[in-house]
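Written out below as structure tokens is the structure these notes cover.
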Amino acid sequence: MSSDPKATGEGNQASIPGRFDGYVVAIGASAGGLDALERFFQGLPTDTGAAYVVVQHLSPDHKSMMGNLLARHTPMPVVTVEHDMRIEANRVHLIPPASLMTVSGDVLRLSPKNPRGLTLPIDLFFSSLAKEFGNHAIGVILSGTGSDGTRGAVAINDAGGFLVAQDPETAKFDGMPRSVIATSLVDAILPPEEIGPRLLDHIHQRPQPKVRPPSMAMEIDRDSAHEEVMHLLQHSGGIDFREYKPATVMRRMERRMQVRQTPDLLNYVRLLSADRGELATLRRELLIPVTSFFRDPDAFEVLAETAVRTIVSDHNGNQPIRVWVPGVATGEEAYSLAILFAEAFEKARRWPNFKLFATDVEPQNIEVAGAGVFTEAITAEISPERLEQFFIKRGNHFVVKTEIRQSIVFARHNLLDDPPFTRMDLVSCRNLLIYFRPEAQERALRRLQYALAPGGFLFLGPSETIANLHTDFTAVSSKHKIYRILRHVSLPLDAANPPRTRQTTIVPAPPRPGMRTHGVSTDAAAIDTAQGLLLHGYAPTSLLLNQRHDLLHVFGDVGPYLRIGEGSVSLDLSKLLPNALVAIAKALLYKAARDRVPLRSDVIGLALADDRTERLRLVARPVEPPGGELHLLLSFEPITSYSPDDVLPPEPGTLRIIDGETSKAIETISLDRETSQRIENLERELAATRESLQATIEELETANEELQATNEELMASNEELQSSNEELQSVNEELYTVNAENQEKIEILNRLNADLDSMAKAASIATVFVDSQLRLTRFTPEATTLFKIRDGDLGRPIDDFTNLLQYPEFITDLRQTIARGEMLEHEIKAANNRQYLVRVLPYAVRTSEPRGAVATFVDVTTLRDVEHLQAVLDSLPEHVAVLDNKGVVSMVNNAWRDFARRHGDPELKETGVGGDYLAACENGLLANAPHANDALAGIKQVMTGERTAFCLEYSVPSDDGTQWYLMYVAPIRHTRAGVVVSHINITDWTDRRYE
């Protein structure tokens with residue numbers, strides 16, 4: 001069961017004003033995780049309402065580019081976490097390098113990462129997230145090596161959260177996904193691109209409203225459905241969860257219903273009946289093995305100083321030290337106690353016989369615990385000294401050493417149903433009782449009390465108490481729940497229902513589909529119950545033995561006839577029977593087995609514990625099942641009526657045997673003769689065995705000496721290799737993450753480089769790049785028209801190449817720009833009769849590195865030609881304008897501007913550059929002129945080629961009298977077409993003509 005009483009999944013979401021109380025999706029990744037993260041975020045919208053926290057193994061020696069890379073795949077803001085940063089919805093929070101991260105409330109806390117020891121940042125964050133957010137915590141495990149995240153995922157599941165793992169087949173490294181999947185607690189296993197939609201289904205699924213049923217019939221249906229679930233669980237695993245707290249059981253059921261998206265309990269019952277896998281998952285959900293080594297370290301330290309030290313110091317050496325750990329889960333607590341005792345033995349320089357019994361109701365837990373193999377996560381729970389002393393490192397796992405493992409016996413045991421162990425010096429039952437109903441808690445405590453030897457210790461969890469047994473125990477440490485027994489109980493707890501009269505529980509068969517169960521026993525169950533009553537009421541108390549006389553099964557109440565002494569428990573009949581019956585029983589059994597006949601002893605008087613003497617006969621019968629080996633049945637038949645002859649003691653050294661079938665013929669045999677014959681046979685076998693064993697021992701000793709020398713060398717080499725391997729593995733994961741980031745960055749740079757090349761070609765600007773030593777590092781294709789350079793010339797000094805530039809200061813300007821970091825600009829001429837605008841600019845890849853320079857050569861020859869043409873036009877007194885093929889003014893001279901400003905267009909909107917001259921003549925500023933229509937028609941005719949030129953003479957009133965102008969329109973012989981419009985003042989010519 002869970003070892004955290006607060007892991008309820010509810011109650012952790014206290015409504016604090018301003019606190020983020022939505023879902024938090026924690027994503028753990030390591031090697032190969034970058035690709036999985038990108039595919040994960042591509043499948044998510046921006047308005048999920050959840051917050052996302054990415055915890056990845058990052059190299060502490062390299063600047064992470066994770067933020068830039070992930071921002072290309074999600075529209076959500078991606079931020080690197082700073083200490084005390086608040087969690088916000090619809091935002092991606094990234095763990096920074098060389099840091100460990102936890103959550104407190106809704107604030108992310110950072111702490112420095114230990115650069116030497118193994119750290120597990122995913123486990124740490126998942127565990128803190130489970131504690132703070134409960135069932136609003138979502139854990140996602142993506143690609144990575146090792147097992148980081150497994151323990152944290154178990155904590156999230158125990159808190160009622162949701163768990164998803166990447167499909168190992170889609171992961172570049174499947175170590176982390178497979179490790180968390182092995183816990184059997186993962187709710188979904190999906191490729192990265194399908195995880196996002198599955199999370200949205202979970203986040204936006206509304207819990208079913210808890211309303212009162214409208215009728216009693218519906219309430220009965222719900223109760224019946226709950227009872228049916230309990231029945232299915234008991235039938236499949238033998239565990240009666242009716243003994244558990246209903247709130248705990250129901251909460252777990254509701255969580256599975258939400259995961260499977262089942263609307264109500266009735267539908268969930270149908271699912272359980274049809275899906276045995278879901279039934280097994282629900283049982284594991286109710287028995288979560290959440291535990292750890294030395295959980296509550298202060299409590300274990302106090303336990304070692306008080307209980308363990310006292311047990312070791314008070315031990316008399318005759319009997320073994322016995323410890324019982326019920327509800328052991330995956331074994332961490334049992335191994336922790338074994339380590340404490342091993343340290344105490346070493347400190348006291350005493351090594352008594354020690355046996356620890358570790359039990360659990362779930363067979364899968366026992367199998368895992370018995371293996372003694374744990375992930376690297378235990379490094380956060382166990383000191384390096386204990387790891388080295390009690391564990392062996394194998395790959396990514398730690399294995400418990402043989403001397404610790406051999407002292408522990410793992411077995412399946414139900415604390416509430418199975419008989420308790422006895423004579424225990426210490427019982428540790430931590431955080432198991434809190435899941436039981438009060439009456440079940442009391443019954444379990446009584447069983448634990450019965451299991452303790454006088455003066456034994458009881459170790460409970462932090463939220464558990466001894467309830468009504470406070471008068472039977474004294475507190476060694478109330479704070480850490482360590483108690484010592486004062487009053488031992490002689491009977492196990494169910495005194496009102498002793499084993500001899502207890503009814504046999506018959507588990508009914510599972511219901512057929514569509515059939516409603518009401519707890520009515522079938523005829524077969526009634527027959528089995530009746531047979532059990534007859535067996536207990538009329539059959540004699542009997543023992544079923546094998547041929548070695550080991551006890552296999554008990555029929556009836558054997559308490560008066562068996563004696564269990566101190567020391568290790570044995571099933572050998574000679575150690576269980578009273579001394580008065582041992583010789584008689586052994587002789588009966590030996591002869592019954594040899595002759596294959598039932599035999600009955602004479603009447604024997606046996607002194608009982610209450611000072612009474614009971615007269616009985618021992619009956620030995622051979623039991624030979626078809627196809628099986630021989631077994632023996634030893635029965636105790638009390639004598640209620642007898643004759644005086646029945647109680648005559650036999651002669652010394654003899655035993656009167658009565659034939660078991662007729663009960664009449666009496667045979668007297670010699671016990672000494674039978675015993676001697678058996679001893680002789682055994683001695684001959686033992687002598688042969690000793691000779692063979694001695695020869696084998698001599699051979700093994702010789703081989704062992706050689707192997708021991710070789711083993712020491714191998715162990716030394718293995719330790720060095722393991723240490724190196726751990727360091728290399730940690731560095732390899734970090735380097736893989738860095739390499740993945742660099743690889744994607746290289747792809748981005750390649751695309752940027754291609755864009756720059758394409759842009760340089762499109763701009764057609766000659767450009768050369770030089771470093772701080774004026775060595776050529778790069779150039780554009782257009783630069784080859786000015787410099788005699790080729791691709792193979794990269795790295796050579798720029799002054800090695802001839803050029804067409806009439807620019808003797810070029811090298812000097814490059815050096816000046818590199819030294820001062822200033823831009824220089826000149827306009828020069830080249831030998832190809834072209835003019836260039838030269839810009840020399842500094843550039844540096846990093847601020848700490850020496851600068852280089854880049855020189856660009858922009859051809860401005862055409863621009864200078866246009867400027868020259870404009871100067872020519874401006875020098876003319878005539879009004880000149882250039883129109884394009886649509887009549888838009890593209891160029892005017894100063895005379896045109898001055899005339900337009902004086903005659904109604906001061907801002908040159910209609911007749912200046914950019915103005916539509918045809919529109920001005922048609923319906924604009926010039927439309928009212930007398931000859932506007934003629935001018936408009938003439939310009940259009942020249943544009944369309946109908947006329948080669950157009951000429952118009954017109955007058956303009958002015959303050960100096962009437963001014964006469966000649967308008968001349970000529971076409972432009974160029975691919976861009978257009979016309980030239982000029983207005984020439986011919987007033988003087990007109991006056992002379994009319995004179």
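Side chains included, hydrogens not; waters and symmetry mates left out as well; all remaining heavy atoms used. Counting from 1, the numbers follow the sequence of the chain as shown. All figures in this text were calculated on a predicted structure; none of them were measured in a lab.
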In terms of heavy-atom contacts, Ala766 and Leu786 come closest through CB-CD1, 4.0 Å
Carboxylate-amine/guanidinium proximity below 4.0 Å for Asp898 and Arg902 = no
Considering non-hydrogen atoms only, spot the tightest contact between Val107 and Arg109 and give its length.
-> CG1-NE, 3.5 Å
Donor-acceptor contact present, side-chain Asn933 to main-chain Ala937, <3.5 Å | no
Please round to the nearest 0.5 Å and tell me the distance separating atom CD1 of Ile798 and atom CG of Asp793.
-> 9.5 Å
Count the heavy atoms of every other residue, nucleotide or ligand shown that sit under 6.0 Å from CZ of Arg751, and state whether that count exceeds 12.
-> yes
Donor + acceptor pair across side chains of Gln166, Thr170 (<3.5 Å) | yes
Is any side-chain heavy atom of Val78 less than 4.5 Å from a side-chain heavy atom of Val54?
-> no
So, does Ser143 use its side chain to make a donor-acceptor pair with the main chain of Phe173 at under 3.5 Å?
-> yes
Is there a donor-acceptor pair under 3.5 Å between the side chain of Thr861 and the backbone N or O of Asp859?
-> no
Ring centre gap for His826 and Tyr807 strictly below 6.0 Å = yes
Answer yes or no: are there more than 12 heavy-atom neighbours, outside Glu825 itself, under 6.0 Å from its atom CD?
-> yes
Check: Met76 main-chain N/O paired with Asn90 side-chain donor or acceptor under 3.5 Å | no
How would you list, by chain and number, every residue that makes a side chain to side chain contact (heavy atoms under 4.5 Å, CB included) with Pro842, sequence neighbours excluded?
-> Thr817, Arg851
Applying side-chain contact (heavy atoms from CB on, under 4.5 Å), run through Val979 and Phe950 and close with a yes or a no.
-> CA-CA 11 Å; Val979 296; Phe950 172 72; over 6 Å; no
Student check: side-chain heavy atoms of Asp799 and Leu774 closer than 4.5 Å | no
Report, as yes or no, whether the 6.0 Å neighbourhood of atom CG on Asp201 holds more than 12 heavy atoms from other residues, nucleotides or ligands.
-> yes
How long is the gap from CG on Leu199 to NE2 on His204, to the nearest 0.5 Å?
-> 10.0 Å
Would you indicate whether the side-chain heavy atoms of Val79 and His93 approach each other to under 4.5 Å?
-> yes
Does Phe810 offer a backbone N or O that forms a donor-acceptor pair with the side chain of Asp813 under 3.5 Å?
-> no
Just wondering, do Glu827 and Gln835 contact through their side chains at under 4.5 Å, heavy atoms?
-> yes
Any side-chain heavy-atom pair of Glu88 and Phe20 under 4.5 Å | no
With distance as the sole test, does Ser890 use its side chain to make a donor-acceptor pair with the main-chain N or O of Val882 at under 3.5 Å?
-> yes
For the pair Thr780 (side chain) and Thr767 (backbone), establish whether a donor and an acceptor sit closer than 3.5 Å, ignoring hydrogens and angles.
-> yes
Shortest non-hydrogen pair, Met967 vs Tyr954, comes out as CB-CE2, 3.8 Å
Interatomic distance, Arg91 atom CZ to Thr74 atom OG1 [nearest 0.5 angstrom] | 13.0 Å
Heavy-atom closest pair (Ala949 atom, Val942 atom, distance to 0.1 Å) is C-CG2, 3.9 Å
Tested for side chain to side chain contact (heavy atoms under 4.5 Å, CB included) against Val840, the lone hit among Leu814, Ile818, Val768 is Leu814
Give me the ring orientation class for Trp896 and His983: parallel if the planes are under 30° apart, tilted from 30 to 60°, perpendicular past 60°.
-> tilted
Could you tell me whether the side chain of Thr785 and the main chain of Ala783 form a donor-acceptor pair under 3.5 Å?
-> no
Side-chain contact test, heavy atoms from C-beta onward, threshold under 4.5 Å: evaluate it for Glu194 versus Asp167 and give yes or no.
-> no
Taking the six-membered ring for Trp, are the ring centroids of Phe779 and Phe801 within less than 6.0 Å of each other?
-> no
Working to the nearest 0.5 Å, report the span between CZ of Arg39 and CG of Leu142.
-> 9.5 Å
How far apart are the C-alpha atoms of His202 and Tyr23, what are their side-chain angles, what is the distance that settles it, and do they pass the side-chain contact (heavy atoms from CB on, under 4.5 Å) test?
-> CA-CA 10 Å; His202 177 78; Tyr23 284 88; 4.0 Å; yes
Between His879 and Tyr965, is any pair of side-chain heavy atoms under 4.5 Å apart?
-> yes
Please assess Phe41 against Tyr52 for the test side-chain contact (heavy atoms from CB on, under 4.5 Å), listing each intermediate value before the final yes or no.
-> CA-CA 10 Å; Phe41 280 109; Tyr52 300 87; 4.2 Å; yes
Does Asp905 reach the main-chain N or O of Thr911 with its side chain, forming a donor-acceptor pair under 3.5 Å?
-> yes
How long is the gap from CG on Leu804 to CG on Asn832, to the nearest 0.5 Å?
-> 5.5 Å
About how many Å separate CG of Asp35 and CD of Glu38, when rounded to the nearest 0.5 Å?
-> 6.0 Å
Ignoring hydrogens and angles, tell me if any N or O in the side chain of Gln870 forms a donor-acceptor pair with the backbone of Val892 under 3.5 Å.
-> yes
Between Ile87 and Ala51, the two heavy atoms sitting closest are CG2-CB, 3.3 Å
Taking C-beta and beyond as the side chain, do Val913 and Leu908 meet within less than 4.5 Å on heavy atoms?
-> no
Between Pro96 and Leu110, what is the shortest heavy-atom contact and its length?
-> CG-CD1, 3.7 Å
Please test Ile939 against Tyr917 for side-chain contact (heavy atoms from CB on, under 4.5 Å), starting from the C-alpha separation and ending with a verdict.
-> CA-CA 10 Å; Ile939 294 173; Tyr917 192 77; 3.6 Å; yes
